[in-house]
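The structure under discussion appears below in the form of structure tokens.
Keep in mind that the numbers below use all heavy atoms, side chains included, and drop hydrogens, waters and symmetry copies.
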Amino acid sequence: MAKIIFQNDFFIIIDKPVGVLSVPSRLGEKDERPCAGLLLQSDLNKQIYPCHRLDFEVSGLLMFALEKDAHRVASRWFEQGEIQKKYEAWTTGFAPSFTSDIWNSKLLRGKKRAYEAPHGKESITNVKFLGTTEKGHLRFELEPVTGRSHQLRYELFKHEFPILGDTLYGSPYQVKEGIALRSFEIDFSKCPERELLKLPLKVSV
């Protein structure tokens, strides 16, 4: 179901399709949606450990550890911002005047959507405007400095660039599946134990 992009003795990185859970939901076995982590674990016939998550509606690079110690190290990398991830989004809206910007919010997660609040968690996103497609849609490259739930989806909505298909955050357009947001690069260049754990500088798709 998901293509393996990178694998070594410690980690495996897949290209998660749209419409697949990263890890089991709170409903457990009652949730009939396919789950990338469970499917991969079955294929490998061994316990694996999720390092991060992608929304059900989002496609792209998803990383799992193959052993507990590697998972512990990777969890620290993500917590301390030593791993950098890049996403591409296609949106509606008017072309912005900037080519690059830094977006800041204080976010909390509600039952379905993220929202801003004075006591919310700091959310920082580096953003680049990549131009307009032939169909008139806007292309953005997004690098979340923090890892808040729905961070990128909320920020694009807030700045009046709703992601195509993301009706939860104001998009008037449907796409064939999921939403037009994709994780295309994981950068390990700032990770202290990168060479010890046999990781390249970057993995991209």
Side-chain angles (χ1 to χ4, degrees), residues 1-23 33-44 46 48-67 70-71 73-75 77-78 81-91 100 125-135 137-153 155-156 161 163-166 171 175-191 193-195 197-205:
M1 176 166 294
K3 181 180 179 181
I4 295 174
I5 303 300
F6 173 85
Q7 184 175 359
N8 65 15
D9 295 335
F10 305 101
F11 298 104
I12 186 167
I13 299 174
I14 63 172
D15 186 356
K16 185 188 86 67
V18 166
V20 177
L21 295 168
S22 296
V23 297
R33 293 177 294 177
C35 173
L38 293 180
L39 291 168
L40 184 60
Q41 189 165 268
S42 177
D43 289 344
L44 296 173
K46 66 175 295 183
I48 62 173
Y49 308 89
C51 298
H52 64 113
R53 302 181 184 187
L54 293 177
D55 289 346
F56 178 75
E57 305 88 349
V58 176
S59 68
L61 296 176
L62 184 62
M63 181 177 177
F64 295 88
L66 300 177
E67 57 173 44
H71 180 252
V73 173
S75 296
W77 290 344
F78 277 101
E82 292 169 332
I83 283 181
Q84 297 171 293
K85 296 183 293 177
K86 288 185 179 179
Y87 294 74
E88 189 168 13
W90 293 260
T91 81
S100 62
T125 304
N126 294 325
V127 56
K128 293 181 181 179
F129 175 55
L130 301 179
T132 305
T133 70
E134 293 180 357
K135 294 183 178 180
H137 300 142
L138 309 181
R139 290 177 59 229
F140 290 91
E141 179 184 291
L142 304 159
E143 183 183 333
V145 178
T146 53
R148 310 305 176 206
S149 182
H150 285 198
Q151 175 175 326
L152 304 183
R153 298 169 67 176
E155 289 290 0
L156 285 165
F161 307 116
I163 299 170
L164 295 174
D166 198 359
S171 174
V175 294
K176 187 175 180 180
E177 288 184 288
I179 64 176
L181 178 64
R182 179 163 175 77
S183 169
F184 72 90
E185 182 180 281
I186 302 178
D187 187 328
F188 300 102
S189 60
K190 295 183 179 179
C191 299
E193 301 93 341
R194 177 186 65 81
E195 292 184 356
L197 295 176
K198 301 178 182 179
L199 285 166
L201 292 172
K202 297 179 181 180
V203 172
S204 59
V205 67

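Leu40 contributes atom CG, which lies 4.5 Å from atom CD1 of Ile12 (distance to the nearest 0.5 angstrom). Atoms CZ and CD1, from Phe78 and Ile186 in turn, are 5.5 Å apart once rounded to the nearest 0.5 Å. A distance of 10.0 Å separates CG of Asp55 from CG of Leu21, quoted to the nearest 0.5 Å. A distance of 11.5 Å separates CD in Glu143 from OG in Ser100, rounded to the nearest 0.5 Å. To the nearest 0.5 angstrom, Leu142 atom CG is 9.0 Å from Glu88 atom CD. Going from atom CH2 of Trp90 over to atom CG of Leu181 covers 8.5 Å, rounded to the nearest 0.5 Å.
Pro200 and Val203 make their closest contact through CG-CG2, 3.7 Å (heavy atoms, listed as atom of the first residue, atom of the second, distance). Heavy atoms only, all atoms of each residue included: Pro34 and Leu39 are closest at CB-CD1, 4.3 Å. For Leu156 against Ala89, the heavy-atom pair with the smallest separation is CD1-CB, 3.8 Å. Nearest approach of Pro144 to Lys85, heavy atoms of both residues: CD-O, 3.3 Å. Contact record, Phe188 with Ile13: CZ-CD1, 3.9 Å, taken as the closest heavy-atom pair. Residues Leu61 and Ser204 share a closest heavy-atom pair of CD1-CA, 4.0 Å.
The shortest side-chain heavy-atom distance between Ile163 and Ser171 does not fall under the 4.5 Å cut-off. At least one side-chain heavy atom of Leu66 sits less than 4.5 Å from a side-chain heavy atom of Leu44. When side chains are defined from C-beta on, Ile14 counts as touching Phe64, because their heavy atoms get closer than 4.5 Å. Side-chain contact between His52 and Trp77 is absent, with no heavy-atom pair separated by less than 4.5 Å. You'll find the side chain of Cys191 stays beyond 4.5 Å of the side chain of Leu199, heavy atoms only. Contact of the Phe184 side chain with the Glu141 side chain is registered, since non-hydrogen atoms from C-beta on lie closer than 4.5 Å.
Checking each of Arg33, Lys16, Arg153 against Glu57 for a salt bridge (charged side-chain N to carboxylate O under 4.0 Å, His left out) leaves exactly one that passes, namely Arg153. For the side-chain contact (heavy atoms from CB on, under 4.5 Å) with Arg139, the qualifying choice from Thr91, Thr132, Leu130 is Leu130, the only one to do so.
His71 contributes no side-chain N or O that, together with a main-chain N or O of Cys51, makes up a donor-acceptor pair within less than 3.5 Å. With Ser59 contributing its side chain and Val18 its backbone, the two residues share no donor-acceptor pair below 3.5 Å.
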Q: Begin from the C-alpha positions of Leu54 and Tyr87 and carry the test side chain to side chain contact (heavy atoms under 4.5 Å, CB included) through to its verdict.
A: CA-CA 11 Å; Leu54 293 177; Tyr87 294 74; 3.6 Å; yes

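Within 6.0 Å of CD on Glu195 lie no more than 12 heavy atoms contributed by other residues, nucleotides or ligands.
With salt bridges taken as basic N to acidic carboxylate O contacts below 4.0 Å, one links Arg182 and Asp15.
Residues satisfying the side-chain contact (heavy atoms from CB on, under 4.5 Å) criterion with Arg53, sequence neighbours excluded, are Ser22, Val23. Under the side-chain contact (heavy atoms from CB on, under 4.5 Å) criterion, Lys198 pairs with Asn8, Asp9, Phe10, sequence neighbours left out.
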